[in-house]
Every structure is written in structure tokens, then in C-alpha cells.
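Read the structure below first, then the notes.
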Amino acid sequence: MIDQCDILAALRWHVDIGCDEAIGDEPMDWASFTARPVVARAPAPAPGGPMPGGGMRDDAAPGLARPATAARPSYAATPVSTQPLGASEAGASARARAKDARTLAELEAALRDFDGCPLKATAMNTVFADGNPQASIMLIGEAPGEDEDRQGKPFVGVSGKLLDRMLAQVGLDRSKVYISNILPWRPPGNRSPTQAEIAACLPFLERHVELIGPKVLVPLGGTSAKTLLNRAEGITRLRGQWFDYASPGLLGPVPVIPMLHPAYLLRNPIAKREAWRDLLTLAQRFGV
Ligand code: URA
């Protein structure tokens, strides 16, 4: 019989190894599942996506992608037929759905209906966008955090509050900008998104940018900058410089100025001076 001390010790152990939240409504008794090999799928690059599939494994939670390798099969508690799509299938499915969307409402509906990214299974909400779709400035963050996941809106937590204060410094607010993220679903525990997750969702973001048709794109943080620009350099190299973003559905190349992520600025307040410089550069060029 399990006594309360055992349960408390197990809970403490989970906290000690960094588990800080439950991602399912019901606890799972993993010991009751019979391990079953996942059909090995050769890792394939995401067609058309700027980054190949693959990335961090996340074997601990139900419904998460488990990239299998031939050499060492992994095991899953869910039937093989319900395994998430591989990155290439997911990317192809996302592209097909996204390209058919002719309005933001259609795109959001297509995204909500898309099952090719396993993060959807663990997120509470699909976080599509906030702000003014007519705005000429489109900000793109990384992925929803806990507050965004709960409220279904991007940048509503502490880093969002800082972002609002930063925008206010140059006379901007959410009625004058449009905000979305690379990923519409929160990675559990706020871990970094994997390349496979990014590749699966990117076609929706690309179509999102086409439908908004912004005059300037502002990636916030390294994940966003590297993904949109298809560059390998980190954000400290990319920030504050002008690049071009092109997409077939846009009238022409859109200027891009990557900036530091507000969450980074909260951890490194000294870097706010760079963020301020970049905001002024943006404001000067676009007369805000
Ligand atoms: N960080 C992001 O990158 N996006 C959000 O929406 C919130 C926090």
C-alpha cells in the first residue's frame, strides 16, 4: 500500500528535477502501460521550411513527438496510429491548409483544426494574435508562455507588460501594432521549441504575414529572428540590423529589424539600452 509519505516524497522528487506543472487533467499511471515500440520514421527535413526537423526529445508527456531512430526504438503508451505526424508530413499538411486561407479568420480556423504539431495536445489555448491587423508593424515572438496559454493572447504576461512599456516609449500600443508568435501553442514548462515544432507551424505564420502585409516585421528574440530570416547567428548579432523578408504572397520584400526578447531584457536589464536603440531605429525609419 502506498502511504502519504511516499506520495509526498514522489512529489518532492518531481519538483526537485524541475517539473513545475501538471500538463494533463488526470494523472497518468505510466506503470500500467505496456511499452510498445513506435514505428521508426526516418528523420526528414521539413520541405520548404527554413530548418530541418528533429530537435529536443520530450518523452515524458503523453502526446508529444517522439522522433524515433532505427538504432534505438523508443516506446510509447499511445497506439501507433495516433502518433503525431512526422515533421515533413506535418509541414506539408500545414502548407496545404495555410495556403487556402484567404482571410485571417480562415487562417485561424485552419490553425485550430491542425493536428500536426503535438504541442496542441498539451496547450490550453491556441494563441493566434493580438493587436491591429491593419497595423504596419508586425511583432513576432517565440511561443506563448503560461499566461498567454491561459488567456489565449500573445504577450499578456510579465514580458508582455514590459513589451507594452517599451512600445509606449515610442508612442506605440496594441492598437498600432499586430503581434503573433512563431508557435501558437505553449511548449510544456516553457522549454524552447524544437525544430520539428517550428517546421510544422511555420507555414501558418508565413501565410499570417502575407495576410497582414506589414510594412515592417520585428522578430522578438533569437528563435523568431533565426526562423524568419533563416539565419544561424544568435540574436545579439542579428538585433538592430535591417534585413529583408520575402514571401510569394507579399507584394515585395518586407524590412525586418530583429530585437531582443522582453523576457531576455527582464533577466538582463543592462541590455535594455540596446533594445531602446533598436526601438529608436524602428521609430525613425517608420516615423512612429
Ligand atoms: N513570449 C513570447 O515569445 N510570446 C508570448 O506570447 C509570450 C511570451
Side-chain angles (χ1 to χ4, degrees), residues 39 41-55 58 63-67 78-131 133-134 138-144 148-149 152-154 178-188 193-214 217 219 223-224 226-230 245-251 254:
V39 173
R41 232 193 273 272
M51 291 193 254
D58 207 320
L64 294 186
R66 295 172 177 84
T78 45
V80 168
S81 59
T82 65
Q83 287 302 305
L85 295 172
S88 56
E89 286 169 68
S93 160
R95 254 189 309 283
R97 286 158 185 264
K99 103 172 152 24
D100 287 344
R102 273 160 310 164
T103 63
L104 289 175
E106 283 180 13
L107 185 69
E108 183 170 359
L111 181 62
R112 288 180 184 279
D113 193 44
F114 175 62
D115 288 323
C117 177
L119 292 176
K120 184 182 177 183
T122 52
M124 291 171 73
N125 269 303
T126 300
V127 177
F128 186 67
D130 193 24
Q134 314 298 332
M138 181 168 183
L139 307 170
I140 300 177
E142 179 177 307
E148 291 76 19
D149 187 33
K153 272 190 190 181
Y178 186 76
I179 310 178
S180 190
N181 279 311
I182 296 288
L183 291 184
W185 296 293
R186 180 194 182 201
T194 67
Q195 302 300 321
E197 289 156 359
I198 292 174
C201 298
L202 192 57
F204 289 101
L205 181 71
E206 289 169 344
R207 186 72 188 129
H208 207 155
V209 174
E210 289 177 358
L211 290 171
I212 292 296
L217 275 170
T223 300
S224 178
K226 288 194 262 185
T227 303
L228 285 169
L229 298 172
N230 194 15
Y245 173 89
S247 186
L250 288 168
L251 292 175
V254 177

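What you are looking at is a predicted structure, and each value in this text was computed from that prediction instead of being measured.
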Can you tell if the side chain of [X] reaches within under 4.5 Å of the side chain of [Y], non-hydrogen atoms only?
X: Leu119; Y: Pro188; value: yes
X: Pro203; Y: Lys99; value: no
X: Cys201; Y: Ile182; value: no

Spacing of [atom1] belonging to [X] relative to [atom2] belonging to [Y], to within rounding of 0.5 Å:
X: Thr227; Y: Ile198; atom1: OG1; atom2: CD1; result: 4.0 Å
X: Glu108; Y: His208; atom1: CD; atom2: NE2; result: 8.0 Å
X: Glu210; Y: Leu107; atom1: CD; atom2: CG; result: 10.0 Å
X: Thr126; Y: Trp185; atom1: OG1; atom2: CH2; result: 5.5 Å
X: Leu202; Y: Cys117; atom1: CG; atom2: SG; result: 11.5 Å
X: Asp100; Y: Arg102; atom1: CG; atom2: CZ; result: 8.0 Å

On a heavy-atom basis, which atom in [X] and which in [Y] lie closest, and how many Å separate them?
X: Tyr245; Y: Leu228; answer: CD1-O, 3.5 Å
X: Leu183; Y: Pro144; answer: O-CD, 3.1 Å
X: Pro214; Y: Met138; answer: CB-CB, 3.8 Å

Short question: side chain of Ser247, backbone of Leu250 - any donor-acceptor pair under 3.5 Å? no
Under 3.5 Å donor-acceptor, Ser224 side chain and Ile140 backbone: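 Side chain of Ser224 to backbone of Ile140: a pair is present.
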Do the ring planes of Phe204 and Phe114 sit parallel (below 30°), tilted (30 to 60°) or perpendicular (above 60°)?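 Because their plane-to-plane angle lies in the 30° to 60° range, the rings of Phe204 and Phe114 count as tilted.
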Set of side chain to side chain donor-acceptor pair (under 3.5 Å) partners for Lys120, sequence neighbours left out: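 Counting only residues at least two positions away or on another chain, Lys120 forms a side chain to side chain donor-acceptor pair (under 3.5 Å) with Asp115.
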The criterion is side-chain contact (heavy atoms from CB on, under 4.5 Å); which residues satisfy it with Asn125, sequence neighbours excluded?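 Asn125 satisfies side-chain contact (heavy atoms from CB on, under 4.5 Å) with Asp149 only.
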Any residue meeting side-chain contact (heavy atoms from CB on, under 4.5 Å) with Pro154, in chain and number order, not counting sequence neighbours: Val127, Asp130, Ile179, Asn181
